[in-house]
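What follows is a short report on a single structure.
Lettering of chains follows the sequences in order, A, B, ..., and the numbering in each one begins at 1. Because the structure is a prediction, the values reported are computed rather than measured.
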There are 2 protein chains.
Amino acid sequence: MNYSRQRELIYKTVVENPIHPTADTVYAIVRAQEPNISLGTVYRNLNLLSQQGLLQKICLPNASDCFDGRCDEHHHMLCTHCGKVFDLPFTLKLEELKKQAGAFPGFLITGCQILFHGLCAECRGKH
Amino acid sequence: MNYSRQRELIYKTVVENPIHPTADTVYAIVRAQEPNISLGTVYRNLNLLSQQGLLQKICLPNASDCFDGRCDEHHHMLCTHCGKVFDLPFTLKLEELKKQAGAFPGFLITGCQILFHGLCAECRGKH
DNA sequence: ATAGAAACAGAAATCATTACTGTTTTTAAA
DNA sequence: TTTAAAAACAGTAATGATTTCTGTTTCTAT
């Protein structure tokens, strides 16, 4: 993977904006500094970076994929009302869970994503 | 929700084919019995049925949404090589996990989806 | 320097999914 | 039973996210 100014900018944008931006949001932010960047470049690099393990791609129900600059093991909570994604601010105890999953004969588990859903504090206040 | 022959057929197809079919796969199966059914009808009903809690819609990375006729609490394993989705044949112990997530101030948790990924037995054999 | 590989911008294409339109089916009440 | 309103349908068009294509520019390792 060769260096490119665009890729660095895309990477920094995701890491410095911990709002779990979609490709389109990254594109909007990045264009302020790099007006001619193309949306295809944003998609290509977000995918490359997440394949390399430098970003995490998060797949959400009924919404565009979004990206997370945190790559340590952590999980997410989706507010089904406003659509925002939050990092859970603690480490879940997954050892037992992984042990159970690993016991399924023949499988080789390489990872696990956990997505809680519900209402965030703000949306909860409004209902 | 009124009765319709098409909806019943779509529902039965998902329940009787525990392969986690996509809308397109359901469409292909259903067309054998109902040649003029339209893809829009399949999508509409799969969404209705999962909103009603009669089916579960599963959102996967880099793939179409798929559907599961099992609606008890259970979780999935995605083979990153062949793309197949498997039901985990046991109940994970999520009480502790939910307690932790519920402790995040202000949030109201209504559900949780867990997706393991890795290699299934068959794909593992080939590598 | 320079040549080959990688990356780019911009545009077109693809794929999954949803929305629209006019017709048929269902349902509940007259 | 009719019948009228609501719901659902088929078929098609539209949308939105994402990927692919093409010709040009930028990196990088000699």
Nearest-Å distance for atom pair [atom1]/[atom2], residues [X] and [N]:
| X | N | atom1 | atom2 | value |
| --- | --- | --- | --- | --- |
| E34(A) | dC8(C) | CD | P | 10 Å |
| L48(B) | dT18(C) | CG | C1' | 13 Å |
| Y27(A) | dT18(D) | OH | C1' | 14 Å |
| D24(B) | dT14(C) | CG | P | 16 Å |
| M1(B) | dT27(C) | CE | P | 12 Å |
| R31(A) | dG10(C) | CZ | C1' | 12 Å |
| L60(B) | dA16(C) | CG | P | 13 Å |
| R5(A) | dC8(C) | CZ | P | 9 Å |

Taken to the nearest 0.5 Å, the spacing of K84(A) NZ from C123(A) SG works out to 6.5 Å
Where the side chain of [X] is defined as all heavy atoms beyond and including C-beta, which of [options] is the nearest nucleotide?
| X | options | result |
| --- | --- | --- |
| A23(A) | dT17(C), dA9(C), dT18(D) | dT18(D) |
| S38(B) | dG11(D), dA9(C), dA17(D) | dG11(D) |
| S64(A) | dC9(D), dA9(C), dA17(D) | dA17(D) |
| N2(A) | dA17(D), dA7(C), dC9(D) | dA7(C) |
| N36(A) | dA8(D), dA7(C), dG10(C) | dG10(C) |

Ignoring backbone atoms, test whether [X] places a side-chain nitrogen or oxygen under 4.0 Å from the OP1 or OP2 oxygen of [N].
| X | N | answer |
| --- | --- | --- |
| Y43(B) | dT18(C) | no |
| Q6(A) | dA9(C) | yes |
| R7(B) | dA8(D) | yes |
| N47(A) | dT19(D) | yes |
| N45(B) | dC9(D) | yes |

Assert: residue with more 5' nearest nucleotide on DNA chain C, out of N62(A) and G40(A), is G40(A)
- Task: Establish, from distance only, whether the side-chain atoms of H20(B) and D87(B) form a donor-acceptor pair under 3.5 Å.
- Result: yes
(request) Please determine if D72(A) and R70(A) form a salt bridge, counting it only when a charged side-chain N lies under 4.0 Å from a carboxylate O. (result) yes
task = May I ask you to decide whether E8(B) forms a salt bridge with K12(B), counting only side-chain N to carboxylate O separations under 4.0 Å?
result = no
Classify [X] by what it touches in the nucleic acid, base, sugar-phosphate, or nothing, heavy-atom distance under 4.0 Å.
| X | result |
| --- | --- |
| I37(B) | sugar-phosphate |
| Y3(B) | sugar-phosphate |
| D65(B) | sugar-phosphate |

Q | Within 6.0 Å of CD in E34(B), more than 12 heavy atoms from elsewhere | A | yes
Note to self: With a 6.0 Å cut-off on the ring centroids, do F86(A) and F107(B) count as close?
What the structure shows: yes
